[in-house]
Amino acid sequence: MVGDFAVGKTSLTQKFVNNIFSEKYLTTIGVKIDSAMVGDTKLIVWDVAGRDAQSPINTHYLVGADGVILVGDGTRSNTVDALEKLWQTTTERTGEIPMVVALNKHDDPDWSISAGQQQHLQEQGWTVFHTSAKNGENVREMFEALTGLIS
């Protein structure tokens with residue numbers, strides 16, 4: 001999972017792996033690794049520390065990845081605009097591998113993603129999920145879809 005700081009990568013992972021959500025924000029340092037089953041497939045989920053202008057993503061954690069979830073915060077449109085750059089950075093390290101997009105925090109009343117932004121993401125050929133780590137909306141479905149693309 002890759003994305004800017006505080007987009008919900010850890011919360012999405014925790015919701016998927018342990019079915020829990022915490023309002024407490026804890027910054028991921030480096031990478032956090034979890035695992036979960038999707039059918040007969042064991043997923044090893046690498047939650048890579050977020051990116052900002054001063055701290056680019058550490059692409060060394062991406063070596064050997066079979067798939068990627070690009071995560072944007074639906075209440076901060078700049079994090080969604082950054083997904084294309086993250087995709088480029090990731091693809092330079094991994095080559096062409098399956099990727100899906102999570103537009104997270106869909107339950108938040110401050111949702112601000114425009115139809116144009118969503119259309120642009122879909123034009124990239126990405127499958128886009130509106131997710132909520134808080135209420136679980138589309139979290140399992142997103143991981144299942146990525147697993148299907150990898151298998």
Pairing residues for Asp110 by the side chain to side chain contact (heavy atoms under 4.5 Å, CB included) criterion, not counting sequence neighbours:
Thr75, Asp108
Contacts of Ile33 that satisfy side chain to side chain contact (heavy atoms under 4.5 Å, CB included) - sequence neighbours left out
Val31, Ile44, Trp46
Pairs flagged by salt bridge (charged side-chain N to carboxylate O under 4.0 Å, His left out) wherever residues 122-149 is involved - sequence neighbours left out
Glu23-Lys134, Arg140-Glu144
Is the backbone of Val7 close enough, under 3.5 Å, to the side chain of Asn104 for a donor and an acceptor to pair up by distance?
yes
Under 3.5 Å, sequence neighbours excluded: what are the donor-acceptor pairs made by side chains of residues 59-69?
unit_1: Thr59; atom_1: OG1; unit_2: Arg93; atom_2: NE; d: 3.2
unit_1: Thr59; atom_1: OG1; unit_2: Arg93; atom_2: NH2; d: 3.4
unit_1: His60; atom_1: ND1; unit_2: Arg93; atom_2: NH2; d: 3.1

Could you work out, with side chain to side chain donor-acceptor pair (under 3.5 Å) as the rule, every residue matching Asn58, not counting sequence neighbours?
none
ring-ring contact (aromatic ring centres under 6.0 Å, His included) partners of residues 132-151, not counting sequence neighbours, each pair once
Phe16-Phe143
Can you list the residues that meet the side chain to side chain donor-acceptor pair (under 3.5 Å) rule with Lys105, with sequence neighbours excluded?
Asp73
Which residues satisfy the side chain to side chain contact (heavy atoms under 4.5 Å, CB included) test with Ser114, sequence neighbours excluded?
Gln117
Between Ser151 (side chain only) and Gly148 (backbone N and O only), is there a donor and an acceptor less than 3.5 Å apart?
no
Test of understanding: with side chain to side chain contact (heavy atoms under 4.5 Å, CB included), list the residues that count as partners of Asn18, not counting sequence neighbours.
Gln14, Ile20
Atom pairs and distances, donor-acceptor, side-chain atoms in residues 82-89, under 3.5 Å, two or more places apart:
unit_1: Glu84; atom_1: OE1; unit_2: His120; atom_2: NE2; d: 2.8
unit_1: Trp87; atom_1: NE1; unit_2: Thr91; atom_2: OG1; d: 3.3
unit_1: Thr89; atom_1: OG1; unit_2: Lys85; atom_2: O; d: 3.0

Pick from Leu146, Leu149, Leu70: which one makes a side-chain contact (heavy atoms from CB on, under 4.5 Å) with Met99?
Leu70
Can you list everything that forms a side chain to side chain donor-acceptor pair (under 3.5 Å) with Thr28? Sequence neighbours excluded, please.
Thr10
